[in-house]
There are 2 protein chains.
Amino acid sequence: MNEMTNEICTIKEMCDLYKVTPRTLRFYESKELLFPIREAQRRLFTRRDRARLKLILQGKRFGFSLEDIRQLLNLYDIGDQQKTQLAKTYELATQRLQVMIEQKNELASAIRDLKEMLQWGKKVLDSRGINIGMPKN
Amino acid sequence: MNEMTNEICTIKEMCDLYKVTPRTLRFYESKELLFPIREAQRRLFTRRDRARLKLILQGKRFGFSLEDIRQLLNLYDIGDQQKTQLAKTYELATQRLQVMIEQKNELASAIRDLKEMLQWGKKVLDSRGINIGMPKN
DNA sequence: CCTTACTATTACGTAAACGTCAACTATGAC
DNA sequence: GTCATAGTTGACGTTTACGTAATAGTAAGG
């Protein structure tokens with residue numbers, strides 16, 4: 001190990017660190033989400049790539065598409081020069097939040113409905129002497 | 001209109017009633033989810049088909065796949081003869097409920113995280129005199 | 001030198017749930 | 001007869017985020 005090994009890492013190390021497959025990292029590169037440097041054919045991922053990957057994974061959790069994420073990362077990269085761009089990012093995230101809240105509400109209502117159906121089903125089954133357990137919520 | 005027109009309806013009427021496209025209904029038929037009768041090439045959807053379609057749409061809300069739904073519908077059709085089958089349906093629904101609850105929790109936590117990020121972003125933007133509004137939750 | 005472990009590129013496959021399009025057919029209106 | 005309207009089948013396209021070979025190059029260890 002030479003000085004500052006932790007500055008760059010191989011594809012395998014990245015995979016272990018972030019629980020992704022090599023295919024995924026190559027795919028992200030092809031989609032211009034990551035820009036590993038090349039050392040004789042091999043990819044070397046920098047601190048910057050790791051930071052970006054973290055954001056990518058977060059973004060996925062939030063339900064952003066990879067294309068959305070790419071654009072957001074570009075905005076970050078262009079940097080804090082243009083307020084419009086920061087505000088734009090903020091706005092996009094806000095919209096996503098709204099969607100997520102709606103999804104959560106719809107999901108909650110679907111859960112209620114399904115629970116109701118299950119209780120009804122349980123009655124039927126009980127009345128026939130069939131025994132089952134309810135979910136432990 | 002002859003006696004009991006509301007017994008059967010055309011594909012168009014189905015589409016209007018349930019807000020689906022003709023393609024969708026034909027697709028469901030091809031997947032053996034619906035069994036409209038044929039009157040010289042045309043499909044005629046019966047009360048049974050409408051009942052099934054309602055269940056299909058409900059099932060989709062609950063996140064069941066069409067294949068899951070098909071099997072569940074078959075179980076319902078076979079009817080209340082075999083307790084094992086009823087119990088099986090019940091179990092499947094219970095499992096789905098668990099998954100939905102987990103999804104809701106993950107979604108809730110993602111919402112919390114995103115809100116946090118937004119608050120952080122708001123601070124940055126505020127500190128630069130850029131004005132925006134927070135979501136009304 | 002040989003094996004083993006890693007990595008690379010290219011390209012086709014996958015999943016779900018339809019959309020889209022082409023080419024017919026049937027029906028009623030005029 | 002013929003135009004318009006609706007319906008039909010069949011086949012291929014779409015989307016997203018990778019998976020899965022197949023093939024080949026390279027570097028380290030023994």
Side-chain angles (χ1 to χ4, degrees), chain A residues 1-2 5 8-46 49 52-73 96 99-100 103, chain B residues 1-2 5 8-46 49 52-73 96 99-100 103 106 110:
Chain A
M1 307 186 186
N2 54 16
T5 292
I8 55 178
C9 55
T10 73
I11 200 168
K12 187 90 177 34
E13 292 166 345
M14 285 289 276
C15 292
D16 294 344
L17 271 172
Y18 298 100
K19 310 293 175 192
V20 294
T21 69
R23 179 70 180 93
T24 298
L25 294 177
R26 295 190 195 108
F27 180 74
Y28 288 171
E29 183 187 8
S30 79
K31 292 292 175 183
E32 301 191 302
L33 290 164
L34 297 177
F35 305 95
I37 55 182
R38 296 306 186 97
E39 185 200 56
Q41 306 279 356
R42 311 260 138 102
R43 289 169 178 80
L44 292 180
F45 295 85
T46 67
D49 291 311
R52 291 176 72 94
L53 183 53
K54 269 185 211 165
L55 288 174
I56 292 167
L57 298 178
Q58 271 292 314
K60 277 169 61 77
R61 268 193 73 215
F62 295 154
F64 286 103
S65 73
L66 290 184
E67 174 56 18
D68 285 343
I69 294 172
R70 192 185 63 80
Q71 292 181 25
L72 289 176
L73 286 174
R96 192 87 261 287
V99 171
M100 288 171 66
Q103 281 180 359
Chain B
M1 307 188 185
N2 53 15
T5 292
I8 55 178
C9 55
T10 72
I11 199 167
K12 188 85 174 38
E13 291 167 346
M14 286 289 277
C15 292
D16 294 343
L17 270 172
Y18 297 99
K19 310 294 174 190
V20 295
T21 70
R23 180 70 180 94
T24 299
L25 294 176
R26 295 190 198 107
F27 181 73
Y28 287 171
E29 183 187 9
S30 79
K31 292 293 177 183
E32 302 191 302
L33 290 164
L34 297 177
F35 305 96
I37 56 182
R38 295 310 185 93
E39 185 200 56
Q41 307 280 354
R42 311 262 139 97
R43 288 169 178 80
L44 291 179
F45 295 85
T46 67
D49 291 311
R52 290 175 74 94
L53 183 53
K54 270 185 211 164
L55 288 174
I56 292 167
L57 298 178
Q58 269 292 313
K60 278 170 62 76
R61 268 192 73 213
F62 296 154
F64 287 102
S65 74
L66 290 184
E67 175 56 17
D68 285 344
I69 294 172
R70 191 185 65 79
Q71 293 180 26
L72 290 176
L73 286 174
R96 192 85 264 285
V99 171
M100 287 169 68
Q103 282 180 358
E106 161 60 12

Fill in: Residue-phosphate contact under 4.0 Å: B/Tyr28 side-chain N/O, C/dA17 OP1/OP2
no

Discussion item. Heavy atoms only, 4.0 Å cut-off, all strands: where does A/Lys31 land among base, sugar-phosphate and nothing?
Written reply: nothing

Worksheet item: Quick one: is B/Ser30 getting a side-chain N or O under 4.0 Å of the D/dG10 phosphate, OP1 or OP2?
Response: no

Worksheet item: Tell me: CD of A/Glu39 to P of C/dA8, nearest whole Å?
Response: 11 Å

Practice prompt. Indicate yes or no for a side-chain donor-acceptor contact from A/Arg96 to the backbone of A/Phe62 under 3.5 Å, with no hydrogens or angles considered.
Written response: yes

Worksheet entry | Nearest-angstrom distance from the residue atom CG of B/Leu44 to P of C/dA26 | 16 Å

Item to complete: Check whether any side-chain heavy atom of A/Leu55 sits under 4.5 Å from a side-chain heavy atom of A/Ile69, and report yes or no.
Response: no

Practice prompt. Output yes when at least one side-chain N/O atom of B/Arg38 is less than 4.0 Å from OP1 or OP2 of D/dT9, else no.
Written response: yes

Fill in: Rounded distance in Å - CG (A/Leu57) to C1' (D/dA17)
13 Å

Worksheet item: If you take atom types as modelled and just measure distance, does the side chain of B/Arg23 reach the base of C/dG19 with a donor-acceptor pair under 3.5 Å?
Response: yes

Discussion item. Nearest to the B/Thr21 side chain among C/dT27, C/dA8, C/dG19, which nucleotide is it?
Written reply: C/dG19

Fill in: Closest listed nucleotide, where the reference is the side chain of A/Thr24 and the choices are D/dT8, D/dC18, C/dT9
D/dC18

Fill in: Per A/Arg43 side chain, nearest of listed nucleotides C/dA8, D/dT9, C/dT7
C/dA8

Worksheet item: Between D/dA17, D/dT8, D/dG7, which nucleotide has the shortest distance from any of its atoms to the side chain of A/Ser65?
Response: D/dA17

Worksheet item: Taking atom C1' of D/dA6 as reference, at what distance in whole Å does atom CE of B/Met14 sit?
Response: 17 Å

Worksheet item: Nearest nucleotide by nearest heavy atom, which residue falls closer to the 5' end of DNA chain C, B/Phe27 or A/Thr10?
Response: A/Thr10

Worksheet item: With respect to the side chain of A/Leu66, which nucleotide from D/dA27, D/dA17, D/dT9 is positioned closest?
Response: D/dA17

Practice prompt. Measure from CG on A/Asp16 to C1' on C/dA5 and round the result to the nearest Å.
Written response: 14 Å

Worksheet item: Taking 4.0 angstrom as the limit, do B/Glu106 and A/Arg61 come out as a salt bridge?
Response: yes

Worksheet item: Base, sugar-phosphate, or nothing: which does A/Lys60 touch, judged by heavy atoms less than 4.0 Å apart?
Response: sugar-phosphate

Fill in: Separation of D/dA6 P from B/Arg42 CZ (nearest whole Å)
11 Å

Worksheet item: Do A/Arg26 and C/dT9 have a side chain to base donor-acceptor pair shorter than 3.5 Å?
Response: no

Worksheet entry | Rounded interatomic separation in angstrom, taking CD1 from B/Ile37 and P from D/dG7 | 15 Å

Practice prompt. Nearest 0.5 Å please: distance from the CD1 atom of B/Ile56 over to the OH atom of B/Tyr28.
Written response: 6.5 Å

Fill in: B/Glu13 side chain vs B/Thr10 backbone, donor-acceptor pair below 3.5 Å
yes

Item to complete: Return yes if some donor-acceptor pair links the side-chain N/O of B/Arg43 with the main-chain N/O of B/Ile11 below 3.5 Å, else return no.
Response: no

Worksheet item: How many Å lie between NZ on A/Lys12 and P on C/dC6, as a whole number?
Response: 6 Å

